[in-house]
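Okay, structure first, notes after.
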Amino acid sequence: MIWDPKHECMDIEERRALQLRRLREQVARLWVNVPFYRQKWEAAGVTPDDLQSLDDLRRFPFTEKDDLRKTYPFGMFATPLEEVVRIHASSGTTGKPIVVGYCKSDVTDIWAETIARTICCGGGTSQDILHNAYGYGLFTGGLGVHYGGELLGCTVVPMSAGNTQRQLMMMCDLGATILASTPSYALTIADAAEEMGLGPDDIPLKAGLFGAEPWSEGSRQVVEEKLGISAHDIYGLTEIIGPGVAAECEVKGMMHVFDDHFLPEIIDPETGEVLPDGETGELVFTTLTKRAFPVIRFRTRDITSLTHEPCPCGRTHARIARITGRTDDMLIIRGVNVFPSQIEDVLTSFAEIEPQYQLVLTRKGRLDQLEVQVEVAPRFFSDTIGGLEQLEQRITEKLYSTLGISVTVRLVEPKTIERSIGKAKRIIDLREEE
Ligand code: DLL
């Protein structure tokens with residue numbers, strides 16, 4: 001089912017006209033309401049009148065995460081606080097979080113709508129029981145998915161994350177048909193199910209809506225098999241709205257961007273030039289309709305590519321490829337750029353290991369060392385020492401041919417890598433401390 005065929009299957013030219021109209025209104029509003037934008041645009045020599053076509057947006061400067069930090073907590077709000085009905089925040093690794101706000105129409109007319117679209121993309125309907133294991137609180141995952149589920153008419157079970165055995169008990173007892181969680185938590189749930197002796201036929205789930213962190217096709221296969229579901233990638237970020245920015249339909253492989261609300265661009269992260277469809281670069285978003293916390297040309301740091309090719313499902317949005325990493329997630333090891341997702345792709349191609357891994361970075365002298373710690377699947381752990389050594393060797397060789405640098409692989413016992421309930425922590429960087 002397509003939730004909003006009028007907007008989701010719109011003729012592309014008609015949507016472009018709608019995007020331009022909304023963009024011009026948004027920019028004109030911000031010029032008046034948010035001094036940060038006006039000053040930035042004046043300094044760049046542009047005014048709202050310069051926006052005669054969508055391409056003119058390129059003349060406007062980017063907004064960076066750091067701009068949002070500097071204006072903490074309310075400096076970027078475009079409506080008075082009395083109109084704001086909700087606050088969320090994204091926890092940064094350092095310093096203050098980024099605080100965002102929503103007015104009533106942001107929550108009901110945009111966020112709940114785009115989540116209802118997201119759930120429908122995953123095959124959901126009003127008949128579904130939606131087990132929501134995204135964290136509730138300042139994180140946008142829990143409450144974001146919740147309101148869209150209710151709008152669609154699902155029965156929403158607001159579980160939040162944690163206490164995995166209880167999650168499974170509730171899923172089975174209540175007959176949950178859709179699981180919403182981070183992909184790493186879905187793996188944790190799948191493991192726990194196995195331990196509790198529950199196979200795919202014992203678990204009523206049919207689909208999963210997984211996002212908030214990068215994951216791989218290999219992990220998709222594992223959760224699909226272990227839980228007996230169709231797993232869908234969903235994407236979003238606090239600064240734009242939370243989940244509900246883009247979602248994978250039944251065709252899979254690419255995610256529909258709800259671009260009547262969130263206008264995407266791909267840029268070269270070095271030069272800031274806009275790149276054509278199909279080229280990989282950094283994703284940039286402009287919110288066209290949000291009122292309390294709009295952003296213009298926000299640099300997400302996420303790496304992907306864009307296409308406007310029609311999708312067989314009938315939706316006509318722009319689509320993005322799986323996010324392969326973040327520009328700030330990239331490890332530079334002895335001068336070579338390495339993304340954790342490349343490593344995950346290699347690891348998940350080995351049946352003998354679990355998609356549970358950690359990347360430990362150390363420095364010896366001036367040289368960075370990367371150790372990939374990965375769990376052996378329980379059924380292979382009983383293998384001979386020689387067998388395990390050979391496996392380690394095979395993984396090392398495949399990583400070398402994929403990454404172009406040698407890394408150390410260390411197989412660890414099943415269940416020794418800490419299980420995630422939210423976003424998994426894959427990188428342990430010990431370089432500063434040595
Ligand atoms: O993670 C919002 C969200 C909640 C999305 C639930 C999907 C499901 P933040 O905490 O602000 O917001 O983190 C946003 O997470 O810039 C990406 O780097 C990463 N991310 C989100 N979805 C995906 C995905 C939420 N499907 C940051 N694949 C983003 C890869 C993702 N990375």
Side-chain angles (χ1 to χ4, degrees), residues 63-65 68-69 87-93 97-100 102 111 114-115 117-119 121-122 130 132-149 158-161 178-186 208-217 219-220 223 231-249 252-258 262 264 269 282-285 287 293 295 298-305 319-330 339-342 344-345 420-427:
T63 307
E64 309 259 359
K65 219 179 176 82
L68 308 189
R69 283 216 180 88
I87 293 288
H88 279 285
S90 84
S91 47
T93 41
I98 306 267
V99 168
V100 299
Y102 306 73
W111 204 6
T114 56
I115 292 290
R117 293 181 188 182
T118 298
I119 302 170
C121 274
L130 173 62
N132 187 8
Y134 283 115
Y136 279 66
L138 285 174
F139 175 55
T140 52
L143 285 165
V145 168
H146 185 104
Y147 278 73
M159 280 304 291
S160 205
I178 301 182
L179 168 64
S181 73
T182 60
S184 58
Y185 193 46
L209 304 173
F210 303 133
E213 62 183 357
W215 54 307
S216 63
E217 284 304 320
S219 295
R220 175 176 355 235
V223 282
H232 295 255
D233 198 2
I234 71 169
Y235 169 83
L237 60 165
T238 314
E239 295 86 345
I240 303 305
I241 201 154
V245 175
E248 212 177 30
C249 68
K252 300 200 178 159
M254 303 282 273
M255 289 182 274
H256 291 274
V257 177
F258 302 126
F262 315 114
E282 179 180 338
L283 185 57
V284 169
F285 274 113
T287 61
F293 192 92
V295 285
F298 179 72
R299 290 186 65 157
T300 65
R301 304 275 164 203
D302 291 323
I303 299 162
T304 183
S305 63
R319 285 177 296 154
I320 49 171
R322 185 183 276 289
I323 308 284
T324 48
R326 296 175 52 81
T327 51
D328 48 11
D329 197 33
M330 187 175 78
F339 286 98
S341 63
Q342 292 174 290
E344 179 165 331
D345 278 340
S420 142
I421 59 165
K423 303 193 190 216
K425 184 168 165 39
R426 304 281 191 206
I427 301 170

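In listed order, ligands and their atoms are each counted from 1.
- Contact between T182 and S420 at its shortest, heavy atoms only, is OG1-OG, 4.4 Å.
- Within 4.0 Å of ligand 1, the residues that place a heavy atom are S90, Y134, F139, T140, G141, G211, A212, E213, P214, D233, I234, Y235, G236, L237, T238, G242, P243, D302, I323, R326, K423, listed by chain and number.
- For E64 and R301, the salt-bridge test passes: some basic side-chain N is under 4.0 Å from an acidic carboxylate O.
- In this structure, the side chains of N132 and M159 stay at 4.5 Å or more apart for every pair of heavy atoms.
- Under the rule for a side-chain hydrogen bond (donor to acceptor under 3.5 Å, both in side chains), the partners of H146 that lie at least two apart in sequence or sit in another chain are Y136, E150.
- A heavy-atom distance below 4.5 Å is not found between the side chains of T238 and I98.
- Counting heavy atoms of neighbouring residues, nucleotides and ligands inside a 6.0 Å radius, atom OH of Y147 does not exceed 12 of them.
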